[in-house]
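These figures come from a predicted structure and were not determined experimentally.
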Amino acid sequence: MIESSTIDGIVKKYYDVSEVENTRYSMVFHIQGRGDEKTFGYLLDELDTVGATAFTNDFPDSQIIVINNGNVSRERRGLKTLMLFLSMAALIYTGSVYYSSYYSSDLIYRNIIYGTLFYAIPVISILLFREAGKYIALRKNHIKYNFPIFVPSPGLGTLGTINSNKNQFRDSKSMIEAGTFSLFFGFLASILLIIAGAAIMPYVNYSSAIHSPISVLNFPLVFPVALDHLFPAYIIPDPLELAGYVGIITTALNSMPVGFMDGGLVFSGILGKQFKYASYAGIAILLAASILYPYILILAVLSILLGIKGALPMNNFFKPRASVKWLALAIVVIVIILGFAPLPLHNTDSNNVAIPDSCYIMQQNNTGNVSVNITVQNHGVNISPLFSVTPGNFTVKGFTQNKADTIYTLELITYNHNYSGRKNFTIAVDTGMSSVNKTVSVYFLKPDSNMHINKTMGPENLTVKEYKPFNITIFNNSNSTLNAQIIPIFNSTGLYMSLQNNLNAEINLNPHIPLGILQIYGGQNQTLTLVSYDPGNLKLIIMGQGGQAAIVNIHILPEPRPRTVSPPGIFPTINYTGYYEMQLGTIHPFYNF
């Protein structure tokens, strides 16, 4: 111990001492009155000049305990250096593998260089930016800065940092400021990096027509709340943007009220001796999260080894103002809520998008919007696909979940548009790893007063049996020739499919007219004979120019399959009639997806 008289003189310079106790390693001063908040700081500064330090005790009375600085455990710089090296190696490896996968690069040296430049170094920069905030707070409070312990991890490469348990915080206010500044700087740096990454990643130019139906439980919440247009939730980011994502995740993890983490400093400064209960709860949350993401267990175990109770202020005579506490608490809670993700890594490479091939939807007179169902199959986690439709606008009405399949309903805004006849819409679905584009054809039909089916104007409804031929007669009551397109659309699974390219058929009136085109002179009629080899619902559209059309709704009942069925073929020409035959079973590959 330093010369007792020297220590005695320094302490009595600032405090009214009523009693002094000398022990082997310390001097205990019982004081009358506690001075003000700055008094203890002045005492520490002067004690430091003679190689001593002090802390307070308020039970059973007000005490100042002075110890030799040599009794304060020294930092294990070798351990910190090793942890930093392991973290950097893990980040370089993660960045290299990610760069290789993202850009499909097979050049190892290129993957290492660019993985380091665009992932490892940016992530380390975020962590160092956090430390810069902590350094500013400590210097502001005249406290020596100690380098943190970096936490390496497979998967992300790092889980952030933990403060050294050798830090000596002069008061609760300095602890709160150190933790809050660190979290705020880290969160801000991560957001800025995401914005920078969004400026260069290939998915940045989203149009206003693109929608991503975000569930409120998609993590981290900062994306659906504020960053959806820069980095839509769970789309695969480029390496630089992923670094910002990892910065948000690790900052949120370090916001937890656990031991010597930044959140632990804040909550310890606010709660004092009651902080240990919050720390126990924080450890429980980390252990629960490690069930989903096992590497979080590394952070939990290291926090337990360093001390669950966390840091304590050297001066606990004075508590920070309520405004300081509430502001710090608000920042920490916001970072946790917006940034915490129980499963930091999301997998989008095990998904499949199913947009029905040749999905034909009919609408008469533009009396409403058109809905299209799109199935996204996912064996990973939390896929939120992006949709776009060209031309026109659309909305995502909702979705239904069935195990690994999610069926999204897109509503094409077609109401009151001047569409007629066939209109093609290109639907694009992007899951982050894959993009699918399909064309959906919508028939906008108008009744034709001059075209009758079986002498009836308007939709004709028929019920027929499988394997049994049936006739449909089309009457042209006008004076001009009707040139109509025959469009058969079949539905056996709730999905209308065009059979236009899957027919064995012949129209016999004019061999020069292409398949599916019907020509009826004014005042005449045409009879079509059809047979179905599959049960289901058939819509037969006879569409003239300008979208005028007649529709036949045919319900095909199942019949026992005959022992022998002649294969469909070209039937002989019949005067004044045509023979039109459909083998509906040929469409099976289109809707079995």
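- To the nearest 0.5 Å, atoms CD1 (I10) and CG (D48) are separated by 10.5 Å.
- Side-chain contact of S5 with D8: a donor-acceptor pair under 3.5 Å is absent, judged by distance alone.
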Which pairs would a plain distance check flag for residues 257-286, meaning a side-chain donor or acceptor within less than 3.5 Å of a matching protein atom at least two apart in sequence or in another chain?
{"from": "D262", "atom 1": "OD1", "to": "K134", "atom 2": "NZ", "distance (Å)": "3.1"}
{"from": "D262", "atom 1": "OD1", "to": "N163", "atom 2": "ND2", "distance (Å)": "2.9"}
{"from": "D262", "atom 1": "OD2", "to": "R130", "atom 2": "NH2", "distance (Å)": "2.8"}
{"from": "D262", "atom 1": "OD2", "to": "S182", "atom 2": "OG", "distance (Å)": "2.7"}
{"from": "S268", "atom 1": "OG", "to": "A311", "atom 2": "O", "distance (Å)": "2.9"}
{"from": "S279", "atom 1": "OG", "to": "G259", "atom 2": "N", "distance (Å)": "3.1"}
{"from": "S279", "atom 1": "OG", "to": "I308", "atom 2": "O", "distance (Å)": "2.5"}

*Under the side-chain contact (heavy atoms from CB on, under 4.5 Å) criterion, do M175 and I143 qualify, and how do the steps go?*
CA-CA 10 Å; M175 294 174 60; I143 300 174; over 6 Å; no

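- Distance check: S96 OG to L91 CG gives 10.5 Å after rounding to the nearest 0.5 Å.
- The stretch residues 320-332 participates, sequence neighbours left out, in no side-chain hydrogen bond (donor to acceptor under 3.5 Å, both in side chains) pair at all.
- Listed for the R34 side chain is no donor-acceptor partner under 3.5 Å among the backbone atoms of S62.
- At a threshold of 4.5 Å between non-hydrogen side-chain atoms, the residues R110 and Y99 count as touching.
- Qualifying salt bridge (charged side-chain N to carboxylate O under 4.0 Å, His left out) partners for K319, counting only residues two or more places apart in sequence or in other chains: none.
- Among residues two or more places apart in sequence or in another chain, the salt bridge (charged side-chain N to carboxylate O under 4.0 Å, His left out) test is passed with D16 by none.
- Closest heavy-atom contact between L183 and S255: CD2-OG, 3.3 Å.
- For the pair T158 (side chain) and P152 (backbone), a donor-acceptor distance under 3.5 Å is absent.
- Taking both residues in full, the closest heavy atoms of I336 and A252 are given as CG1-O, 4.3 Å, listed atom of the first, atom of the second, then distance.
- Other residues, nucleotides and ligands contribute over 12 non-hydrogen atoms within 6.0 Å of the OH atom of Y14.
- Taking CG of L302 as the start and CD1 of I162 as the end, the distance is 4.0 Å to the nearest 0.5 Å.
- The two residues A52 and V66 make their nearest non-hydrogen contact at CB-CG1, 4.1 Å.
- With rounding to the nearest 0.5 angstrom, the CZ atom of R170 is 12.5 Å from the NZ atom of K144.
- The neighbour count for Y15 OH, taken as heavy atoms of other residues, nucleotides or ligands under 6.0 Å away, is above 12.
- A90 and G157 get closest at one heavy-atom pair: CB-O, 3.3 Å.
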Using atom types as modelled, flag every donor-acceptor pair under 3.5 Å from a side chain in residues 115-128 to any protein atom, sequence neighbours excluded.
{"from": "T116", "atom 1": "OG1", "to": "I112", "atom 2": "O", "distance (Å)": "2.7"}
{"from": "Y119", "atom 1": "OH", "to": "L156", "atom 2": "O", "distance (Å)": "2.6"}
{"from": "S125", "atom 1": "OG", "to": "I121", "atom 2": "O", "distance (Å)": "2.7"}

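- More than 12 heavy atoms of other residues, nucleotides or ligands shown are found within 6.0 angstrom of CZ on F318.
- Contact of the F129 side chain with the L193 side chain is not registered, since no non-hydrogen atoms from C-beta on lie closer than 4.5 Å.
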*side-chain contact (heavy atoms from CB on, under 4.5 Å) between T56 and F40: does it pass, once the steps are laid out?*
CA-CA 9 Å; T56 66; F40 190 76; 3.5 Å; yes

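- Looking only at side-chain heavy atoms (C-beta outward), S87 and T161 stay at 4.5 Å or farther from each other.
- When all heavy atoms of V17 and V11 are compared, the closest pair comes out as CG2-CG1, 4.0 Å.
- Summarising the geometry, atom CG belonging to L79 is positioned 12.5 Å from atom CZ belonging to F150; distances are rounded to the nearest 0.5 Å.
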*So I64 and L43, side-chain contact (heavy atoms from CB on, under 4.5 Å) or not? Walk me through it.*
CA-CA 10 Å; I64 294 178; L43 173 64; 4.1 Å; yes

*Evaluate the criterion side-chain contact (heavy atoms from CB on, under 4.5 Å) for residue pair E411 and T409; output intermediate values, then yes/no.*
CA-CA 6 Å; E411 186 175 76; T409 300; 5.8 Å; no

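- A pairwise comparison of heavy atoms in N141 and K173 identifies OD1-NZ, 4.0 Å as the closest pair.
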Result block: side-chain N/O donor-acceptor pairs under 3.5 angstrom for residues 184-191, not counting sequence neighbours:
{"from": "S190", "atom 1": "OG", "to": "G186", "atom 2": "O", "distance (Å)": "2.8"}
{"from": "S190", "atom 1": "OG", "to": "G247", "atom 2": "O", "distance (Å)": "3.4"}
{"from": "S190", "atom 1": "OG", "to": "I248", "atom 2": "N", "distance (Å)": "3.3"}

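- To the nearest 0.5 Å, atom CD of residue Q63 and atom CD1 of residue I65 are 5.5 Å apart.
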